Amino acid sequence: MKKQDKNWIGAFLIVLILAFVPLVVSAKKYSVGLSDQLWFSSADTSYDFFLYWKGQALLLLCGLLSLYAALKMTISKKDMMASVDNRYMIPLGVYFLMSLLSTLLSQHKKMAVWGGYEQWEGMLTLGAYVVVLFFTCYLIQGKTEILIVMYGLLAGVFVLSLLGARQFLGHDFFRTAAGKAVMNFMSDEKLNFTFNFAPGRVYATLYNPNYVGSYVALMLPVILSMISLRKKIDAVIRSVLAAATAVFLVMMLFGSESVTGFIGLGAVLVLFTILMITNIKKQPKIFVSVAVLCILAVTGAVFYNRSIFEYGWNKIMNPTPNHFVVKSMVSRGGALEICTAEDDLLRLAVDVKDGTYTYEAEDEKGSPVEAVKDREGKSVKFLDKRFDRIQIQETSVEAEGEKQDAFVVNTPSVGKTYTVAVGTAGNQNGLSQKNYKIYNPFKKLDGLREIPAVGFEDKMHFASRRGYIWSRTFPLLPGHLLLGSGPNTFVYEFPNDDYVGMKNVGYDGATVTKPHNMFMQMFVQTGLLSLLAFLALYSFYFAECMRLYWRRTKYGWIERFGTGLCLGTFGYLVTGLANDSTVAAAPLYWCLLGVGIAVNRWVAKGEDSFE
């Protein structure tokens with residue numbers, strides 16, 4: 001076997017990305033930069049605790065990794081690209097190039113470059129992902145580096161999963177004085193925190209329980225691959241630590257209540273069965289026994305946590321039905337067009353003179369709809385049965401520094417109201433044309449435009465309201481076939497001015513910053529070509545894994561580790577169908593993908609597996 005150069009320092013830097021970056025937690029006060037948007041609050045300052053400093057730590061380590069690799073190449077006088085497979089580098093380069101072009105041509109360059117509000121995944125961070133994968137492939141050349149990465153990864157996941165398991169048991173480190181001191185470490189002012197999650201809900205250091213699901217789907221197969229039946233002391237210690245970490249990860253998943261995480265692990269189990277099909281046929285008793293134990297464990301877990309699984313099942317199979325009367329409102333042609341849940345259209349014209357309101361209404365065909373006032377003359381009802389659940393109440397609002405005439409579209413049967421201001425858009429044929437603007441939760445007036453929507457019309461609450469978000473994201477895709485809007489700019493592309501739709505699903509006053517789908521997120525922000533390059537990159541890796549590990553009958557520790565990396569990265573991508581890319585978990589995926597490529601390179605050589 002040819003002696004390999006040792007890259008201890010490079011492997012150590014990779015370990016820091018895998019083990020240290022996910023643990024970084026501290027407060028950061030920053031300017032959001034969205035206060036000029038009508039659909040956002042006038043308050044421009046916010047705090048981040050879990051993402052910003054992770055990104056900064058990642059950039060620092062990527063810089064050190066690049067410097068080390070450059071020095072290594074200079075000293076050794078070896079061609080870096082000689083050990084890197086172009087099958088991976090070409091799609092990686094295309095992904096980086098399209099992301100860069102999307103950034104340079106973005107209308108929101110500051111956000112696209114640096115990242116921002118609730119995401120912190122700008123071009124610098126995407127570039128760091130590319131750097132991590134590239135240099136991981138280059139620097140991991142043999143046993144020394146692989147072992148350093150393996151043991152370092154195990155240590156890091158053990159610490160993070162221990163924090164998560166303690167949260168599951170009701171002992172949240174970040175609610176203690178020491179934990180609050182850690183969260184205040186980088187802050188100029190000492191903040192007194194309040195926690196949105198109930199005790200027992202696991203978020204670990206990953207910001208959101210959804211990201212815990214992605215983390216567990218990624219890490220659990222990798223950690224399980226480190227368990228060995230060897231009786232040497234190092235193997236025993238590693239196996240015991242890996243087994244304990246796996247238990248903690250499972251506790252984290254249950255505590256996070258992430259349905260996506262369970263789906264990801266289910267997909268991992270299916271892929272594992274496919275990979276092991278030959279071994280199952282040769283040693284059926286062992287696999288049947290393990291399968292029975294797994295079934296019993298899962299059955300027990302489901303029974304013990306029945307409420308969690310029922311909740312998750314209902315979110316997908318029996319989502320909350322739509323509960324609204326008004327589906328949309330559009331100011332068009334001097335009238336307010338109100339579309340009901342049954343797709344009946346009411347065209348309402350409201351005029352105000354000296355405090356007196358007059359109303360004219362008609363349906364879609366132009367037939368008059370009779371409107372009558374109550375005894376006090378402040379509320380209007382419609383006699384047509386199609387619109388009898390809608391009431392109009394007169395009011396006024398303070399906006400843009402002055403008092404304006406307005407009215408409330410009230411739907412008492414579902415408890416939803418929409419406040420609309422009456423303005424003048426100009427004159428046409430000697431008649432004043434009215435313009436209607438909604439008075440939003442931020443006490444700003446914004447236009448009422450038609451919001452494109454595709455799909456999920458009757459399932460807006462599907463998968464925790466992902467149905468609503470996806471229905472508004474699908475229409476965005478055709479406009480980003482070549483280039484996206486720029487990294488971290490989904491918040492600008494999504495129709496956050498869909499005030500009626502957002503109120504109808506309980507998002508009133510919220511800002512949607514992500515599509516809850518990593519692939520649509522990539523499509524919109526960096527374009528379809530970048531998404532295809534991303535998928536091609538993984539497809540080449542996955543095909544190599546299937547070639548190396550499918551129907552394999554002999555597994556040393558290196559082959560088990562390679563299989564675990566394949567399963568983990570696959571599970572992460574499956575969770576990406578309902579979760580987003582975020583600096584809380586994405587660096588781990590890119591780094592482990594690089595490790596997986598390097599491990600496959602070694603396995604493909606047919607060298608000693610070091611068992």
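Throughout, residue positions are numbered sequentially from 1 according to the sequence presented. The model shown is predicted, which means the values in this text are computed figures rather than measured ones.
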Side chains of Gln119 and Pro487: does their closest heavy-atom pair fall under 4.5 Å? no
Heavy atoms, side chains only, cut-off 4.5 Å: are Ser485 and His480 in contact? yes
What class does the angle between the rings of Tyr129 and Trp590 fall in, given that below 30° is parallel, 30 to 60° is tilted and above 60° is perpendicular? parallel
Evaluate the ring planes of Phe462 and Trp470, with Trp represented by its six-membered ring, and classify them as parallel (under 30°), tilted (30 to 60°) or perpendicular (over 60°). tilted
Lys365/Asp363 salt bridge by N-O under 4.0 Å criterion: no
Going by salt bridge (Lys or Arg N to Asp or Glu O under 4.0 Å), Glu342 matches just one of Arg389, Lys385, Lys327. Which one? Arg389
Tell me whether Lys381 is salt-bridged to Asp374, with the criterion being a basic N under 4.0 Å from an acidic carboxylate O. no
For Tyr359 and Tyr357, take the angle between the two ring planes, folded into 0 to 90°, and tell me which bin it lands in: parallel under 30, tilted 30 to 60, perpendicular over 60. parallel
Does Glu398 pair with Lys403 as a salt bridge, N-O distance under 4.0 Å? no
Look at the aromatic rings of Tyr507 and Tyr468 and report parallel, tilted or perpendicular, splitting at 30° and 60°. tilted
Angle between ring planes, Tyr95 versus Phe534, binned at 30° and 60°: parallel, tilted or perpendicular? tilted
For Trp39 and Tyr492, take the angle between the two ring planes, folded into 0 to 90°, and tell me which bin it lands in: parallel under 30, tilted 30 to 60, perpendicular over 60. perpendicular
Would you check if Phe519 and Leu535 make a side-chain contact, meaning some heavy-atom pair closer than 4.5 Å? yes
Salt-bridge contact Arg386-Glu364 (side-chain N to carboxylate O under 4.0 Å): no
